[in-house]
Structures are given as structure tokens and as C-alpha cells.
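See structure below.
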Amino acid sequence: MKSEPDEFGIDDLERVQQEPWDGVRNYQARNFMRDQMRIGDGVFFYHSNCDVPGIVGLATVATESYPDPTAFDSDDKHFDPKSDPENPRWYLVDVKFERKLKRTLSLRELKEHADELEGFRLIARGNRLSVMPVEKAHWDYVLGLE
DNA sequence: GCCAACGTTGGC
DNA sequence: GCCAACGTTGGC
């Protein structure tokens, strides 16, 4: 799961411990949260749009998916008038802090392992998804780099 | 700041 | 349903 550290970084997650991953307005990313995430699933916390983009920490999925309340709030910047509480368009899960990595596993470094990480969407060209699945083999390999 | 790669919107 | 125009993401 990606986040911009200026907006909400790993230090913010450590401080609050658990956070609703609201504001996602991309259907693919929504589908991953709504349909595939289960409580206890591991999460790579990725910093995007910053000096050193990369994986900086670990989290876990803390809740089942539920409708994103910010979509119903006209004062919220993620308000979506097309999302009806009777038929919500956007879903999210809560994410719970696990730990920071000992060091940042930068995108640059991860790309150096393209052979072992083939199919890992994070390092795929043109990838813009903020939420994406990680295969077990890729998860283990990435953690082995720490 | 640039720009590639998408995703979305809306006219037709 | 097509596709041009536009907006956004995010690395560099």
C-alpha cells in the first residue's frame, strides 16, 4: 500500500497504530481491498512521491472491508456524490502498524532484483496503483533484502 | 518541473 | 462503442 510521507507516512501510522485506508478512488485498488484482503494479511508500507521512494515498513490488515465514509462527506476532499450509502462505490480496510524496516528498501534497489521479483506489480513499468497484491514468494524475497 | 503511463469524461 | 481531451500519479 502506497502513501505519500508528506500526507501520511510510516511514522504517522506508528503514532496512531491503526488507520482507515480511506480516499482510494481507483477501481482496481478498491477491488483488492474489498475482495481480496483478509484480517491479518501482511502489508508493505510504501512511501511514494518523495526523495527515496520505497518500502519503509510493515503493517497488517486489521478489519474486513467496509464502505469508505469519506465518500459520503461533502466536506471531505474525497467526497464522491456518486457514492450512495445504499450502494457504496468505495471500500477500504483498516491498516495496523507492525514495524518499521531497519532500512528503506528503495524502488531503485527493488528494481535491481527484477529477475527474482518478476511479476511484482510495484516494480512494473508505469505502475500507478496505490494498492496491489504481493505474492508470498515476492514478500519473502523482499524481506530477505532487509 | 518534466513527462510517461494510465484512468476518466463526455461528445458523437 | 470509439476516441480525443483532460486529469492524475509518481519516478526521475
Side-chain angles (χ1 to χ4, degrees), chain A residues 1-16 18-37 41-63 65-135 137-146:
Chain A
M1 301 177 94
K2 296 185 191 172
S3 190
E4 302 188 13
D6 288 348
E7 296 291 323
F8 187 86
I10 189 68
D11 291 332
D12 297 302
L13 185 62
E14 180 174 32
R15 182 166 41 77
V16 300
Q18 186 166 325
E19 178 76 1
W21 208 257
D22 58 26
V24 172
R25 296 292 179 267
N26 171 284
Y27 289 105
Q28 264 190 289
R30 176 205 68 183
N31 292 346
F32 290 136
M33 287 199 287
R34 188 188 60 182
D35 306 331
Q36 290 188 222
M37 288 188 169
D41 283 353
V43 173
F44 284 144
F45 196 106
Y46 178 91
H47 278 175
S48 65
N49 246 318
C50 55
D51 283 353
V52 184
I55 299 170
V56 296
L58 302 182
T60 54
V61 175
T63 66
S65 65
Y66 59 96
D68 184 341
T70 65
F72 311 133
D73 178 359
S74 59
D75 292 329
D76 194 281
K77 76 172 185 177
H78 299 294
F79 175 59
D80 182 357
K82 294 179 200 155
S83 187
D84 175 359
E86 298 301 311
N87 184 22
R89 175 176 293 200
W90 304 113
Y91 285 77
L92 53 72
V93 297
D94 282 15
V95 169
K96 190 170 69 175
F97 179 79
E98 195 68 31
R99 68 177 176 89
K100 294 190 206 177
L101 296 188
K102 295 192 267 285
R103 65 189 187 86
T104 297
L105 300 175
S106 68
L107 181 63
R108 185 172 191 276
E109 177 179 356
L110 294 173
K111 283 179 170 172
E112 291 170 1
H113 300 268
D115 287 345
E116 296 86 346
L117 295 176
E118 189 178 3
F120 188 17
R121 303 175 70 133
L122 185 67
I123 64 169
R125 202 173 62 104
N127 158 58
R128 287 173 24 189
L129 272 180
S130 62
V131 178
M132 69 191 80
V134 185
E135 293 170 23
H138 293 158
W139 175 276
D140 291 340
Y141 185 81
V142 167
L143 277 187
L145 298 174
E146 186 189 10

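Because the structure is a prediction, the values reported are computed rather than measured. Just so it is clear, the values below take in all heavy atoms, side chains as well, and ignore hydrogens, waters and symmetry mates. Convention: sequence-line order gives letters A, B, ...; per-chain numbering from 1.
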In whole angstrom, give the distance that lies between atom [atom1] of [X] and atom [atom2] of [N].
{"X": "Asn127(A)", "N": "dC6(B)", "atom1": "CG", "atom2": "C1'", "answer": "10 Å"}
{"X": "Arg128(A)", "N": "dG11(C)", "atom1": "CZ", "atom2": "P", "answer": "12 Å"}
{"X": "Trp90(A)", "N": "dT8(B)", "atom1": "CH2", "atom2": "C1'", "answer": "10 Å"}
{"X": "Arg25(A)", "N": "dG7(C)", "atom1": "CZ", "atom2": "C1'", "answer": "16 Å"}
{"X": "Asp51(A)", "N": "dC12(C)", "atom1": "CG", "atom2": "P", "answer": "13 Å"}
{"X": "Met1(A)", "N": "dG10(C)", "atom1": "CE", "atom2": "C1'", "answer": "18 Å"}
{"X": "Asp6(A)", "N": "dG11(C)", "atom1": "CG", "atom2": "P", "answer": "13 Å"}
{"X": "Glu112(A)", "N": "dG11(C)", "atom1": "CD", "atom2": "C1'", "answer": "15 Å"}

Looking at the rings of Tyr66(A) and Trp90(A), which for Trp means the six-membered one, are their centres under 6.0 Å apart? no
Heavy atoms only: give me the nearest Phe45(A)-Ile10(A) pair and the separation to one decimal. CE2-N, 3.5 Å
Options dC12(C), dG7(B), dC6(B), nucleotide nearest the side-chain atoms of Leu107(A): dC12(C)
From dG10(C), dT9(B), dT8(B), nucleotide with atom closest to Tyr27(A) side chain: dT8(B)
Determine whether more than 12 heavy atoms belonging to other residues, nucleotides or ligands lie under 6.0 Å from atom CZ of Arg108(A). no
Do the side-chain N or O atoms of [X] get closer than 4.0 angstrom to the phosphate oxygens (OP1, OP2) of [N]?
{"X": "Lys2(A)", "N": "dT9(C)", "value": "no"}
{"X": "Gln28(A)", "N": "dC6(B)", "value": "no"}
{"X": "Tyr46(A)", "N": "dG11(C)", "value": "yes"}

Could you walk me through whether Arg25(A) and Ser83(A) pass the side-chain hydrogen bond (donor to acceptor under 3.5 Å, both in side chains) check? CA-CA 11 Å; Arg25(A) 296 292 179 267; Ser83(A) 187; over 6 Å; no
